[in-house]
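Given the structure is predicted, the values throughout are model-derived calculations rather than measurements. The basis for the numbers below is simple: all heavy atoms, side chains too, and nothing from hydrogens, waters or symmetry mates.
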Amino acid sequence: QVQLVESGGGLVQPGGSLRLSCAASGSIFSINVMGWYRQAPGKQRELVATITSGGSTNYGDSVKGRCTISRDNAKNTMYLQMNSLKPEDTAVYYCNAQWYHVGDFWGQGTQVTVSS
């Protein structure tokens with residue numbers, strides 16, 4: 001079992017950067033897929049990025065070239081580096097962990113607001 005806690009969200013100007021963190025309560029070494037999803041009010045939750053235990057990454061079309069997902073197994077933490085932020089990036093960002101044969105886990109979310 002794993003508990004996920006996001007941090008690093010906040011208010012940033014267009015063109016700015018943020019790094020989101022997702023800290024797990026235990027080892028993430030065996031978690032097959034971790035990822036970031038986001039949801040704006042009234043909209044469907046959408047993929048931002050995923051990363052497998054082997055290091056393979058996948059990005060949503062809206063953030064390709066601007067975001068980088070990574071995971072540090074020693075720190076039990078996953079990160080999302082976001083650059084060149086746009087107002088349309090404003091959303092609640094959720095951490096996700098897919099652990100085969102165990103379950104699919106979500107964090108509580110962290111708010112990202114991009115505005116001048």
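- The closest donor-acceptor contact from the side chain of Arg71 to the backbone of Thr52 lies under 3.5 Å.
- Residues Ile51 and Phe105 are members of one and the same hydrophobic cluster, defined by side-chain heavy-atom contacts under 4.5 angstrom among Ile, Leu, Val, Met, Phe, Trp and Tyr.
- Looking only at side-chain heavy atoms (C-beta outward), Trp36 and Cys95 come within less than 4.5 Å of each other.
- Crowding of Glu88 atom CD: a count of heavy atoms from other residues, nucleotides or ligands under 6.0 Å exceeding 12.
- When atom types are taken as modelled, the side chain of Thr90 and the backbone of Thr113 share no donor-acceptor pair closer than 3.5 angstrom.
- Across Leu80, Thr57, Leu85, Leu18, a single residue satisfies side chain to side chain contact (heavy atoms under 4.5 Å, CB included) together with Cys67, and that is Leu80.
- For the pair Lys86 and Asp89, the salt-bridge criterion is not met [side-chain N within less than 4.0 Å of a carboxylate O].
- Ala97 and Asp104 make their closest contact through O-OD1, 3.3 Å (heavy atoms, listed as atom of the first residue, atom of the second, distance).
- The hydrophobic cluster containing Trp99 also contains Ile69, counting ILVMFWY residues as joined when their side-chain heavy atoms lie under 4.5 angstrom apart, directly or transitively.
- Among all heavy-atom pairs drawn from Ala24 and Ile28, the shortest one is CB-CG2, 3.4 Å.
- In the hydrophobic clustering of ILVMFWY residues, with side-chain heavy atoms under 4.5 Å counting as a link, Leu4 and Tyr94 come out apart.
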* Show your working on side chain to side chain contact (heavy atoms under 4.5 Å, CB included) between Tyr59 and Thr68 and close with a plain yes or no. => CA-CA 8 Å; Tyr59 295 93; Thr68 302; 3.9 Å; yes
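- In this structure, Asn96 contributes its side chain and Gly35 its backbone to no donor-acceptor pair below 3.5 Å.
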* Asked: Is there a side chain to side chain contact (heavy atoms under 4.5 Å, CB included) between Tyr93 and Met82 once you walk through the steps?
  -> CA-CA 12 Å; Tyr93 285 69; Met82 302 189 294; 3.7 Å; yes
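- Scanning both residues, Ser62 and Arg38, for their nearest heavy atoms gives OG-NH2, 3.0 Å.
- In this structure, Val48 is a member of the same hydrophobic cluster as Val12, with clusters built from ILVMFWY side-chain heavy atoms closer than 4.5 Å.
- Listed here is the closest heavy atom pair of Ala23 and Thr77: CA-OG1, 4.1 Å.
- In Gln3, the CD atom is not crowded: 12 or fewer heavy atoms of neighbouring residues, nucleotides or ligands sit closer than 6.0 Å.
- The backbone N or O of Ser116 sits nowhere less than 3.5 Å from a side-chain atom of Gln13 that would complete a donor-acceptor pair.
- Cluster annotation: Tyr37 and Leu20 are assigned to distinct hydrophobic clusters (Ile/Leu/Val/Met/Phe/Trp/Tyr, side-chain heavy-atom contacts under 4.5 Å, transitive).
- The distance from the NZ atom of Lys75 to the OG atom of Ser21 is 9.0 Å, given to the nearest 0.5 Å.
- Residues Ser17 and Gln81 share a closest heavy-atom pair of CB-NE2, 3.9 Å.
- Side-chain atoms of Glu6 come within 3.5 Å of backbone N or O of Gln108 as a donor-acceptor pair.
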* To do: Kindly indicate, with the supporting measurements, whether the criterion side chain to side chain contact (heavy atoms under 4.5 Å, CB included) is fulfilled by Leu11 and Ser115.
  => CA-CA 7 Å; Leu11 176 64; Ser115 177; 4.3 Å; yes
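- Side-chain N or O atoms of Arg66 include one that pairs as donor or acceptor with a backbone N or O of Ser84 at under 3.5 Å.
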